[in-house]
Visitor: 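Got a structure here, written out as structure tokens. Questions coming.
Chain identifiers are assigned alphabetically (A, B, ...) following the order of the sequence lines, protein sequences preceding nucleic acid strands; residue numbering begins at 1 within each chain. Side-chain atoms are counted along with the backbone in the values below, which use heavy atoms only and exclude waters and symmetry mates. Predicted model, so just to flag it, every value in this text is computed and none were measured.
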2 protein chains.
Amino acid sequence: MLNEVIFYTLEKAIKRYRQFAQAGIDRRGIDITIDQWLVLNVIRDMPDVGQMDIAEQVFKDQASIARIIELLVKKGLLDRTTSLADRRKLDMKLTESGCQLIADVAPAIAQNRMQALSGLDEAVVEQLKCWLEIIFLNCSIHSSESTQQLHDEHA
Amino acid sequence: MLNEVIFYTLEKAIKRYRQFAQAGIDRRGIDITIDQWLVLNVIRDMPDVGQMDIAEQVFKDQASIARIIELLVKKGLLDRTTSLADRRKLDMKLTESGCQLIADVAPAIAQNRMQALSGLDEAVVEQLKCWLEIIFLNCSIHSSESTQQLHDEHA
DNA sequence: AAAATAAATATGATATATCATAATATGCAA
DNA sequence: TTGCATATTATGATATATCATATTTATTTT
């Protein structure tokens, strides 16, 4: 019965993909998690954003990002210095080995994506993205009115 | 750039749905997490399966299931006695309040699903499920041969 | 300028997930 | 029947996520 529910299928697919992708990275002997890699990527592409923004990008909260950054620094993949312009902020920059790691992981990720999507052409993937986006938006309505309605409905 | 990746969209959609669905349950003042509810459901529908099977159904590991069951028992939603037939196993049965809770949650879940899928008709949902299933299968190939190929490719 | 407010990051407490392994019970082989 | 392999659940160690809040710095108000 669970199998009939789309959200179950969704969860199933993404969880399996994550395992699969992580295995692809591990297999190459690279010591990083998908989530750490994601954060590292965001920082590389947008070095000036704060932890809140990163958190939003990768769907975690600020505290989680702080701890992942801590980890990345400990692993020597990231340099962190307090910003001169605004001493609340951090200047972050990938280290050499951080850049190297990103480069090393790239083929694993590409290969993972390829294999995961085999049999689905570009048009299908676009359609899929579009529908998932609709679900996302449907779930993003923070309406307190509809909250009330929901309550009333079963009052 | 992250936005272009299907797996990112996938993760985004499922995470947002989870928040959304949990909020729908919380809002009704029901004290259970989606994952606890899922496990409770599986046990109700298939009372005789072991923790390994439950784990597989909900994509967690056996240890997590053991702890969730522990919780459900503590919350008084589940009765657990060692099985007479096989004393390694547990006989599990929802308590009255466990059944009640499932019943109470049902409308929240239904409402959540409805709203999350609004604008997507049944055919679309079926197609979506089908494609997600393909991704799942693509990621389920535990081939050690292809592992070797992957390595060679970048040797 | 002083006080109040806001912004950015860090951290304690807690919950949950996961790995490895322990503890217990069963079933099979000899 | 005794011993060994297997099956089932529990648990310690560790990692990660999340909430609430603390800490530090910047900005705004008066």
Visitor: Is the base of C:dA8 touched by the side chain of A:Q62 through a donor-acceptor pair closer than 3.5 angstrom?
Guide: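 Absent.
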Visitor: Distance under 4.0 Å to a non-hydrogen atom of chain B counts as contact; along DNA chain D, which nucleotides mark the start and end?
Guide: D:dA7 to D:dA13
Visitor: Starting at the 5' end of DNA chain C, which residue's closest nucleotide do you reach first, A:K89 or B:A85?
Guide: A:K89
Visitor: Between A:K89 and A:D48, does at least one N-O distance fall below 4.0 Å, as a salt bridge requires?
Guide: no
Visitor: Which sits closer to the 5' end of DNA chain D, B:R67 or A:I68, going by the nucleotide each is nearest to?
Guide: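 Looking at DNA chain D, the more 5' nearest nucleotide goes with B:R67.
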Visitor: Looking for any heavy atom pair under 4.0 Å, which part of the strands does B:L71 touch: base, sugar-phosphate only, or nothing?
Guide: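 Sugar-phosphate contact only - B:L71 comes under 4.0 Å of backbone atoms but never of a base.
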Visitor: Starting from P on C:dA23, measure out to CZ on B:R87 and report it in whole angstrom.
Guide: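 Whole-Å distance recorded here is 18 Å.
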Visitor: With A:K12 as the cation and B:F136 as the aromatic partner, state whether NZ or CZ is under 6.0 Å from the six-membered ring centre and within 45° of the axis.
Guide: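 Yes, a cation-pi geometry holds between A:K12 and B:F136.
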Visitor: Could you give the CG-to-C1' distance, from A:D91 to C:dT9, as a whole number of Å?
Guide: 14 Å
Visitor: Can you check the A:K60 NZ to C:dA10 C1' distance for me, whole Å?
Guide: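 So the two atoms are 18 Å apart, to the nearest Å.
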Visitor: Carefully, step by step, assess B:Q57 and B:D53 under the rule side chain to side chain donor-acceptor pair (under 3.5 Å).
Guide: CA-CA 6 Å; B:Q57 289 251 345; B:D53 305 281; over 6 Å; no
Visitor: Taking only residues two or more places apart in sequence or in another chain, which ones pass salt bridge (charged side-chain N to carboxylate O under 4.0 Å, His left out) with B:R80?
Guide: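 Scan of B:R80 (salt bridge (charged side-chain N to carboxylate O under 4.0 Å, His left out), adjacent residues dropped) gives B:E70.
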Visitor: If you take the centroid of each ring, where Trp contributes its six-membered ring, are A:F7 and B:F20 closer together than 6.0 Å?
Guide: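 B:F20 vs A:F7: aromatic centres not under 6.0 Å.
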Visitor: Side-chain donor-acceptor pair under 3.5 Å between B:D86 and B:S83, yes or no?
Guide: no
Visitor: Measure from CD on A:Q51 to C1' on C:dT9 and round the result to the nearest Å.
Guide: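 About 5 Å, once rounded to whole Å.
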Visitor: Before accepting this row, confirm whether a basic side-chain N of the pair B:R18/B:D35 lies closer than 4.0 Å to the acidic partner's carboxylate O.
Guide: yes
Visitor: Any base atoms under 4.0 Å from A:I69, or only sugar-phosphate, or nothing? Heavy atoms, all strands.
Guide: nothing
Visitor: Want to settle it: does B:D86 or A:F59 sit nearer the 5' end of DNA chain D, counting the closest nucleotide to each?
Guide: B:D86
Visitor: Describe the nucleic acid contact of A:Q36 in one word from base, sugar-phosphate, nothing, applying a heavy-atom distance below 4.0 Å.
Guide: sugar-phosphate
